[in-house]
Number of protein chains: 4
Amino acid sequence: MSPDTSPEAAREVSPRPVETLTARGLRTRAALLDAARVVFAGSGFAESRIADISRVAGVAHGTFYTYFSSKEEVLHAVMSELQREMASERPAHTAPPSPAQGIEAAHRHYLRMYRTNAALLATLEQVATLSEDLRTMRREHRRFFVDRTARAIQRWQDAGLADPGLDPTYTASALGNMVDRFAYVWFVIGEEFDEDKAVETLTRLWVQALGLDHEHPPSPHRRPRLPGRSTSTS
Amino acid sequence: MSPDTSPEAAREVSPRPVETLTARGLRTRAALLDAARVVFAGSGFAESRIADISRVAGVAHGTFYTYFSSKEEVLHAVMSELQREMASERPAHTAPPSPAQGIEAAHRHYLRMYRTNAALLATLEQVATLSEDLRTMRREHRRFFVDRTARAIQRWQDAGLADPGLDPTYTASALGNMVDRFAYVWFVIGEEFDEDKAVETLTRLWVQALGLDHEHPPSPHRRPRLPGRSTSTS
Amino acid sequence: MSPDTSPEAAREVSPRPVETLTARGLRTRAALLDAARVVFAGSGFAESRIADISRVAGVAHGTFYTYFSSKEEVLHAVMSELQREMASERPAHTAPPSPAQGIEAAHRHYLRMYRTNAALLATLEQVATLSEDLRTMRREHRRFFVDRTARAIQRWQDAGLADPGLDPTYTASALGNMVDRFAYVWFVIGEEFDEDKAVETLTRLWVQALGLDHEHPPSPHRRPRLPGRSTSTS
Amino acid sequence: MSPDTSPEAAREVSPRPVETLTARGLRTRAALLDAARVVFAGSGFAESRIADISRVAGVAHGTFYTYFSSKEEVLHAVMSELQREMASERPAHTAPPSPAQGIEAAHRHYLRMYRTNAALLATLEQVATLSEDLRTMRREHRRFFVDRTARAIQRWQDAGLADPGLDPTYTASALGNMVDRFAYVWFVIGEEFDEDKAVETLTRLWVQALGLDHEHPPSPHRRPRLPGRSTSTS
DNA sequence: TATGAATGAGCTTTCATTCAT
DNA sequence: TATGAATGAAAGCTCATTCAT
């Protein structure tokens, strides 16, 4: 094993790295992580107590510190896990018949996923600005989704299906925000909406905003990227 | 649950109603309110201390309680004030030549306003779910903007300028979120954008999503698809 | 009053500066300082609890932090006070008839003073190396006594009373240590001694070591500073 | 009072007597003892953690308790070892030509030895008063050195080399302290000295204090003043 | 009204020690 | 013997709120 026996190493970070944990340790850590998720979702970050997390996990108060060195650290771990889950869930495995139908399916899936995790996502919203660390995590998570959408928009533009005058990244960011925020207002702030109507409206807005509802023949003289309105108004 | 997170607590009347204050009292109260705004913007809600607010206001610690009965109460007062300011600011003084230009001006104005108040708006985001009281305040504030936009959409639809198949309220909510969230991601989360390009993209997305870029002859057989207002009002 | 109302100043050190305290505050601070002295003397530093100090002072636990920000800080204050007392106590106001008699009086006084404060001085010993801060305080306090003794030695040398071959500073340091340490071994470690005999021995050792028991005529050819033994051995 | 500061606790037998250990066990115990020495020297007693000692020794945290029943117990073991080493080191192999030269050699050796072990000796100073047990150990260790010096003084007195008016024990204690404390102030408190000058000054002070620099004819009428040994033994 | 000292519940964190494997 | 996870008593410290002046 040959650990670091130098006196300088005497002061080390308390929580043992995850890779060095025994099976029992991994089980306890998982229990704490699950408990933290439940507690954060139920009380928000500020009102959550380490004592609550330990109690829900069924371990002694001190055991918490065997695995995490602070409330911030579990929070980080919980949120990483949540975002990993959100990123890995894939709504459809078969290619949708049309962009519009794919968008509709994605919207429905996103809204349902949001509703399921609403309490925890509300907490994520609360803490997004608490530390630079979390802000960075948030930015990177967003970028994952934005990039995915931006690539789709690019593909549609290349295929002559979407308005080529839109910047894919700005557009993906804006339209993504629209759906994400709609879900937040609905499930967290408590505005009331009807699912079918919400999906329908959001989809129609995307389709029309992207110009997916009519063709965009690749005209040889490149049209100005922005803000070129339709020719009829000029 | 801690004693003062219940919605009733925040609704409690101030130690002394504002109307009964002397001129000196009003001045002190205003100083505290300003100080709270600065401190909340600088530290967020959880990290702000009554002691900080008092010190910044230049009054003794105990004086705070002459005007507010709790931290929640100042928060409420600060946020009310902010939302009142945001609602009263009017961007354009002359009627815009076209909906698209009006939208563009509104977007630019909103983004600039957001940038100015970013820190406080970030705090508002943090606390939105802290109490039912704040959640309600948030809902009502949103409704003010959404209704204003919904009325505009309705007008454009009635004038044959906008897609009549869109529900004005759902649409106003979704498009409003898009801009609000874009500003948040930019000024709070720290994504980087260019103002002109942002305004252009957001405007183009609104215009195309609403179908403001082509005509919508009032064909009676298409109107009923979505629960828009009854045709008799136009 | 015009305090610092800038937001940057919001985060300030907790304990209000002593000069700004009211009479009541000064009283409480003094009570805490006295209590700390008692508790440190009784339990040593490591075993003393803030709770003990507060209880002995008759104030609430939190009140401690109104005046000191940590156990280290009171310790520092207590030790400063002790050293100030030790430095200001003057044994004799009349010039002693001879150096030897002055030394004897000083020794007796030092031993009695040590016995009185033995418990607290034992604590001082314990903590001397706890922080650079305390180590510095210790060094400076020592220097005060060493310098005083060194000046006396210098005077005696100039008057032809003491061995001119001794470096006043090294000598003062060494002889001072001898007495200080004798007291420590006696009153703290628990070795048993008789006061008269102790004073007599220490004084005789000083007198002979310094050569105060015979004359040192200022020979025109400066004798080698060190280690020149008596001429009889060469 | 806390459970383990009583003298009995430190006297408790180790979980398993050293004699019954296997070769492997002896090796582990030695590793822990060495580690404790390093950690105590580096962090002092209060700031040293069993976890640190175990880590530096390269064994699991729990293994510590196979060999020692508490932190106090290792401390005791470490300090015993240190004092055994200090007592067994013999500076000179050949008889010194004169008392003065012997004293000088002893002083130089002592100062160097102190410098080498300064950190651990500083810790010893810190803990000297922590328990009656340690205070006793300290007293006995001191007595060993004091007795050795006292015997030398006695011999010099009997040979007519040293002032017969000095009590050998008091004198040995006082002069021993002088050197020991000088080293402490130098290597622990951080006062700055030059080795040659220090050795010279300390030696000169001893020599003159003891009167080794001139003869002391055994005049029978002066001898009885202090309780030196009875003249019949010489 | 204003002041600033006092309060103490509440939470976090540490770490010596135990114990199942 | 060795391991490393679990325990929980003990402190430390914070800060919203109260209160005497």
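All values below come from the heavy atoms of this structure, side chains included, with hydrogens, waters and symmetry mates left out. First the proteins, then the strands, lettered A, B, ... as listed; each starts at 1.
- The CZ atom of Arg49(D) sits 17 Å away from the P atom of dA10(F) (whole-angstrom rounding).
- Judged as a side-chain contact (heavy atoms from CB on, under 4.5 Å), and not counting sequence neighbours, the contacts of Glu132(A) are Arg135(A), Thr136(A), Arg139(A).
- Within residues 21-28 of chain D, the residues having any heavy atom closer than 4.0 Å to DNA chain F are, in order of number, Leu21(D), Thr22(D), Arg24(D), Thr28(D).
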Taking only distance into account, with no hydrogens and no angle test, what donor-acceptor pairs under 3.5 Å do side-chain atoms of residues 68-76 of chain C form with protein atoms, sequence neighbours excluded?
| residue | atom | partner | partner atom | Å |
| --- | --- | --- | --- | --- |
| Ser69(C) | OG | Glu73(C) | OE1 | 2.5 |
| Ser70(C) | OG | Glu72(C) | N | 3.4 |
| Ser70(C) | OG | Glu73(C) | N | 3.2 |
| Lys71(C) | NZ | Phe45(C) | O | 2.9 |
| Lys71(C) | NZ | Ser48(C) | O | 3.0 |
| His76(C) | ND1 | Asp133(C) | OD2 | 2.8 |

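- For the pair Ile50(B) CD1 and dT3(E) P, the interatomic distance rounds to 16 Å; values are reported in whole Å.
- Taking five base pairs at each end of the helix from dA2(E)-dT21(F) to dT21(E)-dA2(F) and finding the rotation axis that steps the C1' atoms of four pairs onto the next four gives two axes whose angle is 10°, to the nearest 10°.
- When all heavy atoms of Leu134(D) and Val127(D) are compared, the pair lying nearest together is CD1-O, 3.6 Å.
- Between the C1' atom of dA10(F) and the CG atom of Asp52(C) lies a distance of 12 Å, rounded to the nearest Å.
- With hydrogens and angles ignored, the 3.5 Å screen pairs a side-chain donor or acceptor of Ser54(D) with a backbone N or O of Ile50(D).
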I'd like a table of donor-acceptor pairs (distance under 3.5 Å, sequence neighbours excluded) in which one partner is a side-chain atom from residues 56-66 of chain C, with atom names and distances.
| residue | atom | partner | partner atom | Å |
| --- | --- | --- | --- | --- |
| Thr66(C) | OG1 | Thr63(C) | O | 3.3 |

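- Note: CD (Glu47(B)) to C1' (dT14(F)) measures 11 Å, nearest angstrom.
- Checking the phosphate oxygens (OP1, OP2) of dA5(E), a side-chain nitrogen or oxygen of Arg16(C) falls inside 4.0 Å.
- Residues passing the salt bridge (charged side-chain N to carboxylate O under 4.0 Å, His left out) test with Arg138(B), sequence neighbours excluded: Glu125(B).
- As a whole-Å value, the separation of Leu32(A) CG from dA6(F) C1' is 11 Å.
- Rounded to a whole Å, the CZ atom of Arg29(C) is 13 Å from the P atom of dA6(E).
- Residues that satisfy the side-chain contact (heavy atoms from CB on, under 4.5 Å) test with Arg24(A), not counting sequence neighbours, are Thr22(A), Arg27(A).
- For Ala122(C), the side-chain contact (heavy atoms from CB on, under 4.5 Å) test picks out Val188(C), Thr129(D), with sequence neighbours left out.
- Of the possible donor and acceptor atoms, none in the side chain of Ser43(D) sits under 3.5 Å from a partner among the backbone N and O of Phe40(D).
- Applying the salt bridge (Lys or Arg N to Asp or Glu O under 4.0 Å) test to residues at least two apart or on different chains, the pairs with a partner in residues 32-41 of chain B are Arg37(B)-Glu81(B), Arg37(B)-Glu85(B).
- Here Ala41(D) pairs with Ala119(D), Leu120(D) under the side-chain contact (heavy atoms from CB on, under 4.5 Å) rule; sequence neighbours left out.
- For the contact set between residues 58-74 of chain C and DNA chain E, defined by any heavy atom under 4.0 Å, the members are Val59(C), Ala60(C), Gly62(C), Thr63(C), Tyr67(C).
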